[in-house]
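It should be emphasised that the depicted structure is a prediction, and the values quoted were computed from it without experimental measurement.
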Amino acid sequence: QVQLAESGGGLVQAGGSLRLSCAASGRTVSDCTMGWFRQAPGKEREFVAAISWIGYSTYYADSVKGRFTISRDNAKNTVFLQMNSLKPEDTAVYYCAADRSIRVATSPGEYDYWGQGTQVTVST
């Protein structure tokens, strides 16, 4: 069983930056695809970014490409999401997720473990 704990959310002005962290416990996630998703009020949970465990390939939603960077530190069992040039439309609860399979999925239903989420609010 994997427990995921997100941190680093908060209130930031448009154009600012935040760095989210996702610390895993219970077992290593070095053999898991790790993903970040977000959910705004009244909207479905949507894919933001993912990083594979083979080759550390990265994948991004078009809406965040060029602004967000996902990375992982297997020694610390932690995944990060660096968010730059934030926009008000980035406001959401951000969730970290782990997928035990070799695939890199963008659908929330493909992920096995989830954190509780961290709120990111971007003001104008």
Side-chain angles (χ1 to χ4, degrees):
Q1 193 75 0
V2 175
Q3 291 80 44
L4 302 173
E6 303 94 339
S7 62
L11 174 64
V12 64
Q13 287 189 328
S17 298
L18 283 174
R19 189 191 195 207
L20 305 184
S21 298
C22 171
S25 60
R27 71 179 285 278
T28 179
V29 292
S30 61
D31 58 352
C32 293
T33 292
M34 299 300 295
W36 285 96
F37 291 78
R38 67 187 181 187
Q39 188 166 17
K43 295 188 176 181
E44 293 186 352
R45 192 167 298 189
E46 65 173 2
F47 170 77
V48 175
I51 184 167
S52 69
W53 62 274
I54 296 178
Y56 291 15
S57 297
T58 56
Y59 305 82
Y60 299 95
D62 288 342
S63 59
V64 307
K65 204 170 294 183
R67 300 188 297 123
F68 291 10
T69 302
I70 188 172
S71 60
R72 63 192 302 161
D73 184 338
N74 285 342
K76 296 182 178 180
N77 223 22
T78 301
V79 179
F80 305 97
L81 184 68
Q82 177 67 42
M83 306 187 295
N84 298 328
S85 301
L86 283 161
K87 305 175 180 180
E89 51 263 44
D90 294 318
T91 295
V93 176
Y94 282 71
Y95 297 91
C96 174
D99 179 2
R100 293 172 298 178
S101 72
I102 198 172
R103 68 191 166 211
V104 177
T106 59
S107 171
E110 301 294 342
Y111 285 76
D112 302 298
Y113 305 106
W114 290 86
Q116 292 300 307
T118 185
Q119 176 70 47
V120 171
T121 302
V122 184
S123 64
T124 56

Review point. Does Glu46 CD have over 12 foreign heavy atoms under 6.0 Å away?
Key: yes
Review point. Which distance, rounded to the nearest 0.5 Å, do you find between the OH of Tyr94 and the OG1 of Thr118?
Key: 10.5 Å
**Study point:** Aromatic ring proximity Phe37/Tyr111, centre distance under 6.0 Å
**Key:** yes
Exercise for review: Look at the rings of Trp114 and Tyr95 and say which category their plane angle falls in: under 30° parallel, 30 to 60° tilted, over 60° perpendicular.
Suggested key: perpendicular
Point to revise | Distance (rounded to the nearest 0.5 Å) between Met83 CE and Asp90 CG | key: 7.5 Å
Point to revise | Common cluster, Phe80/Tyr113, ILVMFWY with side-chain heavy-atom separation under 4.5 Å | key: no
Check your understanding: Would a distance-only check, ignoring hydrogens and angles, find a side-chain to backbone donor-acceptor pair under 3.5 Å from Glu6 to Cys96?
Key -> yes
Practice item. Could you tell me whether the side chain of Ser52 and the main chain of Ser57 form a donor-acceptor pair under 3.5 Å? Key: yes
Review point. To the nearest 0.5 Å, how far apart are CG in Asn74 and CE in Met34?
Key: 9.5 Å
**Study point:** Value rounded to 0.5 Å, distance of OG in Ser85 from CZ in Arg67
**Key:** 7.0 Å
Check your understanding: Going by an N to O cut-off under 4.0 Å, is there a salt bridge joining Lys65 and Asp62?
Key -> yes
Check your understanding: Is any side-chain heavy atom of Leu4 closer than 4.5 Å to a side-chain heavy atom of Val2?
Key -> yes
Review point. Hey, does the side chain of Asp99 reach the backbone of Gly35 with a donor-acceptor pair shorter than 3.5 angstrom?
Key: no
Exercise for review: Quick one: name the residues clustered hydrophobically with Ile54, using the 4.5 Å side-chain heavy-atom rule over I, L, V, M, F, W, Y, and just say none if it's on its own.
Suggested key: Trp53, Ile102
Review point. Are Thr78 and Asp73 close enough that a side-chain donor and a side-chain acceptor fall under 3.5 Å?
Key: no
Practice item. Mind listing the closest non-hydrogen atom pair of Gly117 and Val93 along with its distance? Key: CA-CG1, 3.8 Å
Check your understanding: If only atom types and distance count, is the side chain of Thr121 paired as donor or acceptor with the main-chain N or O of Leu11 below 3.5 Å?
Key -> no
Review point. If you draw the axis of the six-membered ring of Tyr56, does the NZ or CZ of Arg72 fall within 45° of it and under 6.0 Å from the ring centre?
Key: yes
Revision key, fill the gap. Value for CZ (Arg38) from CD (Glu44), rounded to nearest 0.5 Å, stands at 14.0 Å
Point to revise | Heavy-atom donor-acceptor pair, Gln82 side chain to Arg19 backbone, under 3.5 Å | key: no
Check your understanding: Does the Asp112 side chain pair with the main chain of Arg100, one donor and one acceptor, at a distance under 3.5 Å?
Key -> yes
Revision key, fill the gap. Residues passing the disulfide bond (SG atoms under 2.5 Å apart) test with Cys32, sequence neighbours excluded, are none
Exercise for review: State, with a plain yes or no, whether a side-chain heavy atom of Thr69 is found less than 4.5 Å away from one of Asn84.
Suggested key: no
Check your understanding: If only atom types and distance count, is the side chain of Thr33 paired as donor or acceptor with the main-chain N or O of Arg103 below 3.5 Å?
Key -> yes
**Study point:** Considering all heavy atoms, the nearest Ala105-Glu110 contact
**Key:** CB-CB, 3.4 Å
Practice item. Output the distance between atom CD (Gln116) and atom OG (Ser7), rounded to the nearest 0.5 Å. Key: 13.5 Å
Check your understanding: Going by heavy atoms in the side chains, are Trp36 and Val79 under 4.5 Å from each other?
Key -> yes
**Study point:** Beyond-backbone contact of Phe47 with Tyr59, side-chain heavy atoms, under 4.5 angstrom
**Key:** yes
Practice item. Could you tell me whether the side chains of Thr91 and Glu89 share a donor-acceptor contact shorter than 3.5 Å? Key: no
Practice item. Verify, without hydrogens or angle tests, whether Arg27 (side chain) and Gln1 (backbone) share a donor-acceptor contact under 3.5 angstrom. Key: no
Check your understanding: Can you tell me if Gln13 uses its side chain to pair, donor with acceptor, with the backbone of Val122 under 3.5 Å?
Key -> no
Practice item. Would you mind reporting whether Val48 and Phe68 have side-chain heavy atoms less than 4.5 Å apart? Key: yes
